[in-house]
Protein chains: 2
Amino acid sequence: MDRIRIKDIALLAGVSTGTVDRVLHNRGNVSEKAKIKVLKALETMDYSPNILASSLAYNKNWRIAVLMPNEIKDPFWNQPKEGILRAFKALKDYGVSIDFYHFHENDIEDFTANSKNILDNNYNAVIIAPIFLNQSLNFLNKCEEKNIPYVEFNTCLDLDAPNLLCYVGQDSYHSGTLGAKLLAFGLSPGEQVMICHLEELVYNSQHLIDKENGFKEYFSNHPSLEIEVFTGHYANPYDHEGLANFFEETLKKAPNIKGIFITTSRVFHAINALKKINRGNLKMVGFDLIEENLKYLESENIDFLINQNPHKQGYLALLNVFNFLARKMTPAKLQFLPLDVVMKENVDYYTDELFDEIPIIL
Amino acid sequence: MDRIRIKDIALLAGVSTGTVDRVLHNRGNVSEKAKIKVLKALETMDYSPNILASSLAYNKNWRIAVLMPNEIKDPFWNQPKEGILRAFKALKDYGVSIDFYHFHENDIEDFTANSKNILDNNYNAVIIAPIFLNQSLNFLNKCEEKNIPYVEFNTCLDLDAPNLLCYVGQDSYHSGTLGAKLLAFGLSPGEQVMICHLEELVYNSQHLIDKENGFKEYFSNHPSLEIEVFTGHYANPYDHEGLANFFEETLKKAPNIKGIFITTSRVFHAINALKKINRGNLKMVGFDLIEENLKYLESENIDFLINQNPHKQGYLALLNVFNFLARKMTPAKLQFLPLDVVMKENVDYYTDELFDEIPIIL
DNA sequence: TAAAAAGCTGTGTGCGAACACAATAAATTC
DNA sequence: GAATTTATTGTGTTCGCACACAGCTTTTTA
């Protein structure tokens, strides 16, 4: 069964390919009579355009700017970047080109300068990790003025902004309930559990607040478990001594704590500290498949890691932009990434990048 | 930064596009001098071919046959089929065409007739679920004779067959250890656990044997857990009365069983039976995101479902065939699919097909 | 009725790569 | 050195679609 081409439709309808093309694209300049003939032919032959030939002929160049932190302060940013690059690899032949504008994660000036450069260069769309609230809003307002569509990832500002195509990011609240469920499954009535932040400025960070809410609400929705929840907070996990003391104190006050939920990738610091005070046997749940954590997953000091698919964030961000620009598809506004439950027994499936070799855009 | 074309290389090298083409494809008929000029130009400009234009110009038709059961006996087969169709949707413009040859799952004649048809029609490649051992081997031998490459999915016969591109399927052994680890996390020393098959002909089915081995070896490798493992087996879960009696008897003999691992998607039958005897509170792990199981995941009667990504099986099978034929890529021989741990709290990410709308082949 | 305008239709070219074939240059033979 | 063969190189066509433009028909206006 060979594929139907515009030429075939034209032949069947008894018109030229130009006329079929005009009908397909609603370009007008077609008589009612011809239009009907073409539509009839289209019905009988179920034509769908060859996307390769179509993209080739369009010969458009979609210029996209990516505004995100560099990886100097936090190597996390490499992952969404890789995702963007993977999508780019698939899309470059479709006319996509991207420019990265990296700013330093604690340099507002740097952010502003980069955002100005983007505005000066007339991009077709922007992908942004809007980590500075006010400066980002300011920049995105300018995008609205210039009618540049954009996708936000990692952090979301105003979901109702007209030119915001979508937000691609993690579902912090549910990652909290997920962590809670996992620990609840492993604990017995009468035992205690702790949610613990190892970050500075916890309550400026919506992510962490959402996780904490999710975690706590799970337990308050399941009173029959009879598990008491404690909240812990230690700002600087690089202070090994201090962290160990912190845990020692806490466990003295609540000796029945049998499981700990660390709200970020810094769970390995907690293990280090707990080992130091001979409490390496607690049930532990944390985030992200970074090297240090994988080591402790292997040694069974960490029971579960929740994988937030940071790689996919970037991948989807670019894909959504492309689909909007080239395919005129409006994406779902809110796109949460899968929360994978990763254990020693299935970690290989999430670290191997089996699919990197697959050169396809459907 | 515009993309580099053959024309650009030719211009830089001071030769014609034909010569560049000959160098790129090792077609010969190029003087040493010209070849060097082209290679130098290629180095400085980092050219990569436009895959759209390339595929369009190749104008090849890759004819692929799929030999698999129909979904009449087991709706499971719909899932890999959907995966194949999804990949097809992405690949059709690259010149791929597929024909499905469905046979009835317990009709060997039907299988043989279909396989004969395939051989008569000279396909470029075959995708097969080789569920009848001898007949499949017979068919695949003919493929070897005719030098037709093929991919096996779901079941694997001889991994060393020369024309077998790869096997795409589930990792049964590790799904067993995964189930074991999950239950082990939820149980306390001194408690008991059961692995239970709700199928006929268990020990003819390598999948089930592997799962059982994985499950048991987990516990024998972790003696410090002090958990005793029982094995159960009830052939016909549609006999509700009988199944309930079976569980009642078993739990009478081993009253400390606190968790059950059902080795297939039939875990919902176990819940039904256990509820009948007022033991719906056991910790339960099973397989597959089918409707009945999702209901019990929601109601928290099932704690974990292991998702074997049957959809991806089909997707990858076709993709690997295409990459081999069109891109001359040799795939990894053994491709196990991710084993996702699915819970009430993250089930949405695995059932929503967010990605169906994404028209991409990287 | 002729001229101008508007409506409609078909043909031709380009997108970038693949490949056939013609054209040229170099090497071989007599 | 001319004729022939062989090696090398350039040009032209094709893939299916998008779009520009020319040509034709019909309608409107003077």
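Here is how names work: the chains are called A, B, and so on, in the same order as the sequence lines, proteins then strands, and each is numbered from 1.
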Open item on the list: So, OP1 or OP2 of D/dC19: does either fall under 4.0 Å of a side-chain N or O from A/Tyr58?
Closed with: no
Task: Gap between atoms CG and P, on A/Asn59 and C/dT13 respectively (whole Å) - done: 18 Å
- [ ] Check the distance between D/dA20's C1' and A/Arg22's CZ and give it to me in whole angstrom.
- [x] 11 Å
Open item on the list: Could you tell me how far apart B/Lys7 (NZ) and D/dG12 (P) are, to the nearest whole angstrom?
Closed with: 13 Å
- [ ] Kindly compute the distance separating CG (B/Leu319) from CZ (B/Phe88), expressed to the nearest 0.5 Å.
- [x] 13.5 Å
TODO: First locate atom CD1 of B/Ile128, then atom CG of B/Asn154, and finally report the distance between them rounded to the nearest 0.5 Å.
DONE: 11.5 Å
Task: A/Ala57 side-chain proximity, nearest of C/dG10, D/dA18, C/dA17 - done: D/dA18
Open item on the list: Applying a 4.0 Å non-hydrogen cut-off, can you work out what A/Thr17 is touching in the nucleic acid: base, sugar-phosphate, or nothing?
Closed with: base
Open item on the list: Can you list, in residue-number order, the parts of residues 27-35 of chain B that come under 4.0 Å of DNA chain D, counting heavy atoms only?
Closed with: B/Asn29, B/Val30, B/Ser31, B/Ala34
- [ ] Check B/Val321 against B/Ala125 and note the closest heavy-atom contact, atom names and distance.
- [x] CG1-CB, 3.6 Å
TODO: First locate atom CG of B/Asp21, then atom CD1 of B/Ile6, and finally report the distance between them rounded to the nearest 0.5 Å.
DONE: 5.5 Å
Task: Validation row: B/Leu12, B/Tyr47 side chains within 4.5 angstrom (heavy atoms) - done: no
Open item on the list: By the 4.0 Å heavy-atom rule, please label B/Leu56 as base, sugar-phosphate, or nothing.
Closed with: base
Open item on the list: How close do A/Ala13 and A/Lys37 get, counting heavy atoms only, and between which atoms?
Closed with: O-CD, 3.4 Å
TODO: Can you figure out which of D/dC15, C/dG16, D/dG10 approaches the side chain of B/Val15 most closely?
DONE: D/dG10
Task: Nucleotide of C/dG16, D/dG16, D/dC19 approaching B/Asn50 most closely (side-chain heavy atoms) - done: C/dG16
Open item on the list: If I take atom CG from residue B/Asn309 and atom CG from residue B/Leu316, how far apart are they, to the nearest 0.5 angstrom?
Closed with: 9.0 Å
Open item on the list: Rounded to the nearest 0.5 Å, what separates atom CG in B/Asp46 from atom CD1 in B/Ile4?
Closed with: 7.0 Å
Open item on the list: Any heavy-atom pair between the side chains of A/Glu144 and A/Tyr150 that's under 4.5 Å?
Closed with: yes
Task: 5' priority, DNA chain D, between B/Ser16 and A/Ile6 [closest heavy atom] - done: B/Ser16
Open item on the list: Tell me the interatomic distance from B/Ile51, atom CD1, to C/dA18, atom C1', rounded to whole angstroms.
Closed with: 14 Å
- [ ] Could you state the atom-to-atom distance from CD1 of A/Ile9 to C1' of D/dC17 in whole Å?
- [x] 13 Å
Open item on the list: Let me confirm one number: the CG-CD1 distance from A/Asp99 to A/Ile127, rounded to the nearest 0.5 Å.
Closed with: 11.5 Å
- [ ] Could you check how far CG of A/Asn61 sits from P of C/dC15, rounded to whole Å?
- [x] 14 Å
TODO: Using whole Å, report how far CG of B/Leu24 lies from C1' of C/dC19.
DONE: 13 Å
Task: Below 4.0 Å: OP1/OP2 of D/dG10 and any side-chain N or O of B/Thr19 - done: yes
TODO: Would you mind telling me which of C/dA18, D/dT9, C/dC15 lies closest to the side-chain atoms of B/His25?
DONE: C/dA18
TODO: Can you check each nucleotide of nucleotides 23-28 of chain D against protein heavy atoms at under 4.0 Å and return B for base, S for sugar-phosphate only, - for none, in 5' to 3' order?
DONE: ------
Task: Phosphate contact (D/dA18 OP1 or OP2) by A/Ser54 side-chain N/O below 4.0 Å - done: yes
Open item on the list: Rounding to an integer number of Å, can you tell me how far A/Ile4 CD1 sits from D/dG16 C1'?
Closed with: 13 Å
